[in-house]
Amino acid sequence: IGPFNYEKADIESTLDVQYASAVADNITMWFWTVKAWMLDFTQEFFNADQIPMIISISWGWSENMQCSIANCHGATSETYVSRVNVEWSKIAGRGVSVFTSSGDNGAYGPTNAYCYKQDYYGNGVLNPLFPSDSPFVTSVGATMLLSSNKTEPSTVPSVPFVCTTHKCSNSTTEGVCSYPAAQITTGGGFSVYTPRPSWQNTAVEKYLQSTTLPPSSMFNKENRGFPDISVLGHNYLIYFYDKFRAVDGTSCSTPVMAAMMGLINDRRMNAGKKGIGHLAPLLYKLYEQKASVFRSVAAGNNKCSEACCGEFGFESSGKGWSPVVGLGSPNFPELEEFLFNLP
């Protein structure tokens with residue numbers, strides 16, 4: 001999304017390609033670029049004759065400030081979001097699974113990354129990320145491995161090459177990816193404009209009734225909550241400009257989740273079935289039927305950003321859905337079996 005320079009590597013794109021291709025080995029990868037923002041991308045994608053079955057997007061911006069990053073042609077951010085959501089719904093209708101990062105600045109969002117009690121533009125404190133709060137995408141948050149006092153047995157048959165030159169974790173306990181222990185804080189919250197889809201009602205209502213919430217003036221509890229799911233998003237080692245470097249972000253977790261979906265679709269298609277399409281509604285249905293498909297994430301919150309921690313944000317108890325880590329982290333073998341066995 002945005003101007004693309006063929007002569008200069010972009011770290012976001014490099015990360016996405018390296019990890020998606022590593023997780024979904026032997027699955028065809030596409031790299032799609034447009035010069036402008038979400039409306040341009042979604043229209044171009046929908047109207048293309050040949051398209052991939054899965055989209056992974058690591059870009060996003062505060063929902064109520066879309067017209068500060070896109071040419072809205074005199075329209076409001078609300079109108080722009082509504083128009084783009086029409087395109088996302090059409091893409092979902094073509095059977096495409098869309099995964100978007102929930103953001104790296106906690107509940108504050110990119111336009112209030114310094115945790116002010118009023119953001120830069122005077123539009124509020126908590127700023128949900130678009131397109132991740134669209135009901136036609138699957139929003140992906142980030143977790144991190146927590147240090148453990150016990151030595152946990154390795155589940156890999158041999159020591160990975162990278163662990164011979166870099167320190168690797170042996171923990172399997174996931175917590176909320178949050179500054180300052182991490183470089184980012186996983187994003188989440190509630191859409192400013194878009195009503196909550198019915199498939200989210202049970203999980204979200206249970207959350208709203210069981211936790212301490214920010215002031216009601218800072219979010220609309222009746223609207224779409226995000227993220228839907230979370231994946232490890234801390235200390236990813238990438239190779240960039242001739243050296244290894246560690247990066248964090250929901251831009252790590254999102255392409256990995258998309259790649260998992262690629263593996264599942266590949267298995268289904270080899271069995272003569274279709275791809276899954278829009279995944280988020282199925283995740284909530286699956287949670288109600290078999291919650292063990294989702295690994296619990298230790299309690300935490302998204303009251304920090306990439307640079308600071310503040311007073312406001314959302315809490316996660318580690319049980320059920322939350323606007324911090326969604327339904328939790330996927331247990332891939334069980335998720336794969338459930339989705340594979342669908343018609």
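This one's a predicted model, so the numbers in the text were calculated from it and none came from an experiment.
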Item to check | Between OG on residue S97 and CD1 on residue I55, distance to nearest 0.5 Å | outcome: 9.0 Å
Checklist outcome for this item: In short, N220 meets S191 closest at the heavy-atom pair CB-O, 4.2 Å
Checklist entry - Can E174 and S329 be said to form a side chain to side chain donor-acceptor pair (under 3.5 Å), step by step? => result CA-CA 8 Å; E174 292 180 79; S329 178; 3.0 Å; yes
Next on the checklist: Quick one, V176 and M144 - any side-chain contact, counting heavy atoms below 4.5 Å?
Outcome noted: no
Item to check | Exam field: side chain N127 to backbone Y108, donor-acceptor pair closer than 3.5 Å | outcome: yes
Checklist entry - Rounded to the nearest 0.5 Å, how far does CD of E306 lie from CG of N105? => result 4.0 Å
Next on the checklist: Under a 3.5 Å distance rule, please check whether R94 uses its side chain to pair with a backbone N or O of F46 as donor and acceptor.
Outcome noted: yes
Next on the checklist: Would Y179 and I184 count as a side chain to side chain contact (heavy atoms under 4.5 Å, CB included) here? Give the steps.
Outcome noted: CA-CA 5 Å; Y179 177 89; I184 64 104; over 6 Å; no
Next on the checklist: The test is side chain to side chain donor-acceptor pair (under 3.5 Å); show your working for W61 and S68 and say whether it passes.
Outcome noted: CA-CA 9 Å; W61 196 246; S68 71; 3.1 Å; yes
Next on the checklist: So for atom OH, which belongs to Y241, do other residues, nucleotides or ligands contribute more than 12 heavy atoms lying within a distance under 6.0 Å?
Outcome noted: yes
Next on the checklist: Show the nearest heavy-atom pair for residues G233 and C252, with the distance to one decimal.
Outcome noted: CA-CB, 4.0 Å
Next on the checklist: Once salt bridge (Lys or Arg N to Asp or Glu O under 4.0 Å) is applied, do any residues pair with K274, and if so which ones, sequence neighbours excluded?
Outcome noted: none
Checklist entry - Got a donor-acceptor contact below 3.5 angstrom from the T143 side chain to the L232 backbone? => result yes
Item to check | side chain to side chain donor-acceptor pair (under 3.5 Å) evaluation trace for T250 with S253 | outcome: CA-CA 5 Å; T250 52; S253 56; 5.3 Å; no
Checklist entry - Does any non-hydrogen side-chain atom of W30 lie less than 4.5 Å from one of Q50? => result yes
Next on the checklist: Do T165 and F244 make a side-chain contact, defined as non-hydrogen atoms from C-beta onward lying under 4.5 Å apart?
Outcome noted: no
Next on the checklist: Could you report the tightest heavy-atom contact between S132 and S102, atom names first, then the distance?
Outcome noted: OG-CA, 3.4 Å
Checklist entry - Do you know which two heavy atoms are closest between C309 and P180, and how far apart they sit? => result SG-CD, 4.4 Å
Checklist entry - Can any side-chain N or O of S322 pair as donor or acceptor with the backbone N or O of S316 at less than 3.5 Å? => result no
Next on the checklist: I need the minimum non-hydrogen distance between G318 and S296, along with the two atoms involved.
Outcome noted: O-CB, 3.6 Å
Item to check | same_hphob_cluster(M260, I27) at 4.5 Å side-chain heavy-atom cutoff | outcome: yes
Checklist entry - Within the side chain of E87, is there an N or O that forms a donor-acceptor pair under 3.5 Å with the backbone of R83? => result no
Next on the checklist: If I take atom OG1 from residue T100 and atom CD1 from residue I57, how far apart are they, to the nearest 0.5 angstrom?
Outcome noted: 7.0 Å
Checklist entry - Do the non-hydrogen side-chain atoms of S13 and F31 ever get within less than 4.5 Å of each other? => result yes
Checklist entry - Between W321 and Y207, what is the ring plane arrangement, given parallel below 30°, perpendicular above 60°, and tilted in between? => result perpendicular
Item to check | Output field: ring centroids F314/F219 closer than 6.0 Å | outcome: yes
Item to check | R224 side chain to S134 backbone, donor-acceptor under 3.5 Å | outcome: yes
Checklist entry - Is it the case that one hydrophobic cluster holds both L237 and F161, taking links as side-chain heavy atoms less than 4.5 Å apart, direct or via other members? => result no
Item to check | Stepwise side chain to side chain contact (heavy atoms under 4.5 Å, CB included) test for M38 and V81 | outcome: CA-CA 9 Å; M38 293 297 164; V81 167; over 6 Å; no
Next on the checklist: Can you tell me how far apart OG1 (T186) and CG (D104) are? Round to the nearest 0.5 Å.
Outcome noted: 7.5 Å
Checklist entry - Are side-chain N/O atoms of T79 and T76 paired as donor and acceptor at under 3.5 Å? => result yes
Checklist entry - Any chance the rings of F45 and W32 have centres within less than 6.0 Å? => result yes
Checklist entry - Which distance, rounded to the nearest 0.5 Å, do you find between the SG of C72 and the CD of Q66? => result 7.5 Å
Next on the checklist: For a side chain to side chain donor-acceptor pair (under 3.5 Å) check, start with the C-alpha distance between N302 and T185, then their side-chain angles and the critical distance, and finish with the verdict.
Outcome noted: CA-CA 6 Å; N302 57 11; T185 300; over 6 Å; no
Checklist entry - Where do K303 and E311 land on the salt bridge (charged side-chain N to carboxylate O under 4.0 Å, His left out) test, with the steps shown first? => result CA-CA 7 Å; K303 297 181 180 181; E311 181 180 351; over 6 Å; no
Next on the checklist: Test your reading of the model: is there a side-chain donor-acceptor pair from T14 to the backbone of D10, 3.5 Å cut-off?
Outcome noted: yes
Next on the checklist: So that I can confirm a possible disulfide, could you see if the SG-SG distance for C308 and C115 falls below 2.5 Å?
Outcome noted: yes
Next on the checklist: Quick check: closest heavy atoms across P255 and A20, and the distance to 0.1 Å?
Outcome noted: O-CB, 4.0 Å
Checklist entry - Passes side chain to side chain contact (heavy atoms under 4.5 Å, CB included), L145 versus T172? Steps please. => result CA-CA 6 Å; L145 294 177; T172 58; 5.6 Å; no
Item to check | Separation of L327 CG from E288 CD (nearest 0.5 Å) | outcome: 9.5 Å
Checklist entry - So if you build clusters from Ile, Leu, Val, Met, Phe, Trp, Tyr with side-chain heavy-atom gaps below 4.5 Å, do M29 and M257 land together? => result no
Next on the checklist: Quick one, F136 with I91, criterion side chain to side chain contact (heavy atoms under 4.5 Å, CB included). Give me CA distance, side-chain angles, the key distance, then yes/no.
Outcome noted: CA-CA 9 Å; F136 304 106; I91 290 170; over 6 Å; no
Checklist entry - Are Y284 and D228 linked by a side-chain donor-acceptor pair shorter than 3.5 Å? => result yes
Item to check | Test log, rule ring pair (Phe, Tyr, Trp, His ring centres under 6.0 Å), inputs F190 and F226 | outcome: CA-CA 6 Å; F190 293 81; F226 75 106; 8.2 Å; no
Checklist entry - Checking N223 side chain against V192 main chain: does a donor-acceptor pair fall under 3.5 Å? => result yes
Next on the checklist: Are V86 and L39 linked, directly or through intermediate hydrophobic residues, by side-chain heavy-atom contacts shorter than 4.5 Å (ILVMFWY only)?
Outcome noted: no
Item to check | Contact check, side chains of V204 and K206, non-hydrogen atoms, under 4.5 Å | outcome: no
Item to check | Any donor-acceptor N/O pair, T254 side chain to S251 backbone, under 3.5 Å | outcome: no
Checklist entry - How are the rings of W199 and H278 set to each other: parallel, tilted or perpendicular (split at 30° and 60°)? => result perpendicular
Using a 3.5 Å cut-off and no angle test, enumerate the donor-acceptor pairs between side-chain atoms of residues 334-343 and protein atoms at least two apart in sequence or in another chain.
| residue | atom | partner | partner atom | Å |
| --- | --- | --- | --- | --- |
| E334 | OE1 | S292 | OG | 3.1 |
| E337 | OE2 | R267 | NH1 | 2.6 |
| E337 | OE2 | R267 | NH2 | 3.2 |
| N341 | ND2 | E337 | O | 2.9 |

Checklist entry - Are the side chain of S305 and the backbone of A113 linked by a donor-acceptor contact shorter than 3.5 Å? => result yes
Next on the checklist: In this structure, would L129 and V324 fall into the same cluster of hydrophobic residues linked by side-chain contacts under 4.5 Å?
Outcome noted: no
Checklist entry - Going by heavy atoms in the side chains, are E222 and R196 under 4.5 Å from each other? => result yes
Checklist entry - Is any side-chain heavy atom of L263 closer than 4.5 Å to a side-chain heavy atom of N265? => result no
